[in-house]
Amino acid sequence: MRVAIAGAGLAGLSCAKYLVDAGYTPIVLERRDVLGGLVAAWKDEEGDWYETGLHVFFGAYPNMLQLFKELGIEDRLQWKEHTLIFNQPEKPGTYSRFDVPDIPAPINVITSILRNNDMLTWEQKIRFAIGLLPAIVRGQKYVEDMDKYSLLEWLRKQGVDERVNSDIFIAASKALTFINPDEVSATVPLTALNRFLRERYGSKVAFLDGSPTERLCQPMVDYITERGGQVRLNAPLKEILLNEDGTVKGFLLRGLDGAPTKF
Ligand SMILES: Cc1cc2nc3c(=O)[nH]c(=O)nc-3n(C[C@H](O)[C@H](O)[C@H](O)COP(=O)(O)OP(=O)(O)OC[C@H]3O[C@@H](n4cnc5c(N)ncnc54)[C@H](O)[C@@H]3O)c2cc1C
């Protein structure tokens, strides 16, 4: 069976990779002239790469890590120390560390919170740890029930004070979701936190050793095309055309730069 996929972002490319593994023939149609979607990167005239932003790979991403393994490119992930480091606005150049020891979860993350002395007072640590208990005990069900609160409302409910919110959670919320704690559902960051609390290396991060386009997307394209699939750039899928009996007649591609629509 041939399968059309709109978009050569990480979802489209990995979908195509697993379709060729299952014996299908995917054709990935990407509307832009670059692979990667939100992780796209470009080379400037001097040969330097520039990217949409920093991309980190968490230990809590089993599917992504499995994909790296299957492509034979795990060595391109550069694992960092298991530490979260915050720069403090009022004390520039002073870094506050949450060092996660190499012991089982969730004791490792809790220890890192308890050991941090310059951002959290003992009262704040205890309040925060108590606030996390329901997530540890009741898991994702509790996390999903918290959708009725914004992250800021949830933190206030736990009695976490405003300074902790501004010093830690504005940064954490923006890093994970690009929006502020008063705008994001508590479920979103708590989902991540919950994974971090359950998995020993869940909050450990790795960086890719180069641009995602070249070092991650291109190997997926090679894998797909070597096994009979296709990846086409500058191919914006406008419509999947059907015959009367519902079978696929063809793909309508929107013309680029004023060019007419193509069949
Ligand atoms: C600055 C930045 C930093 C980030 N940092 C991290 C991070 O550190 N860790 C993390 O896990 N995640 C991070 N993310 C999020 C992560 O990059 C995205 O969740 C992920 O890349 C989304 O992949 P996707 O394939 O679902 O979608 P996209 O990457 O959006 O891919 C969709 C693709 O479809 C194409 N397309 C759309 N419509 C059509 C059409 N009709 N025809 C053909 N093509 C079409 C688009 O051009 C695009 O290439 C970050 C995102 C950004 C922007």
Side-chain angles (χ1 to χ4, degrees), residues 5-7 9-15 18 36-39 52-67 82-86 89 96 98 100 104-114 116 119-121 123-206 212:
I5 298 167
L10 293 181
L13 290 174
S14 46
C15 175
Y18 286 104
L38 293 179
V39 302
T52 56
L54 177 68
H55 301 287
V56 302
F57 297 83
F58 280 101
Y61 290 174
N63 299 333
M64 197 68 204
L65 301 181
Q66 179 65 23
L67 179 66
H82 200 171
T83 296
L84 276 176
I85 304 172
F86 287 81
S96 178
F98 289 81
V100 184
I107 312 291
N108 58 351
V109 173
I110 292 173
T111 308
S112 79
I113 296 172
L114 295 180
N116 178 284
M119 283 183 103
L120 299 172
T121 63
E123 191 198 339
Q124 286 160 352
K125 288 177 197 178
I126 290 163
R127 280 182 186 281
F128 189 50
I130 292 173
L132 288 175
L133 271 182
I136 297 170
V137 177
R138 288 173 51 206
Q140 195 60 21
K141 168 81 181 80
Y142 168 81
V143 168
E144 270 153 38
D145 288 347
M146 294 304 105
D147 191 37
K148 51 183 179 281
Y149 302 115
S150 69
L151 175 62
L152 184 60
E153 287 165 342
W154 183 86
L155 288 166
R156 284 186 179 148
K157 246 173 71 73
Q158 313 314 314
V160 173
D161 84 30
E162 297 298 319
R163 196 183 67 83
V164 178
N165 173 35
S166 60
D167 286 2
I168 299 180
F169 285 99
I170 292 179
S173 175
K174 283 193 161 154
L176 279 171
T177 67
F178 297 99
I179 50 179
N180 277 318
D182 59 332
E183 293 164 315
V184 68
S185 156
T187 296
V188 179
L190 284 177
T191 299
L193 211 53
N194 194 28
R195 294 293 294 271
F196 297 163
L197 284 168
R198 275 163 198 279
E199 294 175 31
R200 185 168 182 155
Y201 301 113
S203 55
K204 200 170 173 178
V205 299

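In what follows, every heavy atom counts, from backbone to side chain, and hydrogens, waters and symmetry copies are set aside.
- Test Asn116, Ile110, Thr111 against Leu114 for side chain to side chain contact (heavy atoms under 4.5 Å, CB included) and you get one pass: Ile110.
- The aromatic rings of Phe86 and Phe98 stand perpendicular to each other, their planes meeting at an angle above 60°, with 30° marking the opposite boundary.
- To the nearest 0.5 angstrom, Arg138 atom CZ is 6.5 Å from Met146 atom CE.
- In this structure, Asn180 and Lys174 have side chains that are in contact, with non-hydrogen atoms separated by less than 4.5 Å.
- To the nearest 0.5 Å, atoms CD1 (Ile170) and CD1 (Ile179) are separated by 13.0 Å.
- Within the model, atoms CD of Glu153 and CD of Gln158 stand 12.0 Å from one another, a figure rounded to the nearest 0.5 Å.
- Atom CG of residue Leu190 and atom CG of residue Leu132 lie 7.5 Å apart, to the nearest 0.5 angstrom.
- Residues Arg195 and Pro62 have side chains in contact (heavy-atom distance under 4.5 Å, counting atoms from C-beta outward).
- Put simply, the side chain of Glu183 does not reach to within 4.5 Å of the side chain of Ser150, judged on heavy atoms.
- Residues Thr52 and Leu38 come closest through the heavy atom pair OG1-O, 2.7 Å.
- Atom NZ of Lys148 sits in a crowded spot, with more than 12 heavy atoms from other residues, nucleotides or ligands closer than 6.0 Å.
- Contact record, Asn194 with Ala135: OD1-O, 3.4 Å, taken as the closest heavy-atom pair.
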**OP:** Take Arg127 and Glu123, measure what salt bridge (Lys or Arg N to Asp or Glu O under 4.0 Å) needs, and give me the verdict at the end.
**Re:** CA-CA 6 Å; Arg127 280 182 186 281; Glu123 191 198 339; 3.0 Å; yes
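- Judged by distance alone, the side chains of Ser185 and Asp147 do bring a donor and an acceptor atom under 3.5 Å apart.
- Taking CG from Leu84 and CZ from Phe196, the interatomic distance works out to 7.5 Å, rounded to the nearest 0.5 Å.
- When every heavy atom of Val188 is checked against every heavy atom of Val184, the shortest pair comes out as CB-CG2, 4.0 Å.
- Between His82 and Tyr201, the shortest heavy-atom distance links the atoms CE1-CA, 3.9 Å.
- In terms of heavy atoms, Ala186 sits closest to Trp154 at CB-CB, 3.8 Å.
- Note that CZ of Arg198 and CD1 of Ile136 are 8.0 Å apart. Values are rounded to the nearest 0.5 Å.
- Taking 4.5 Å as the limit, some side-chain heavy atom of Arg200 sits within range of a side-chain heavy atom of Asn108.
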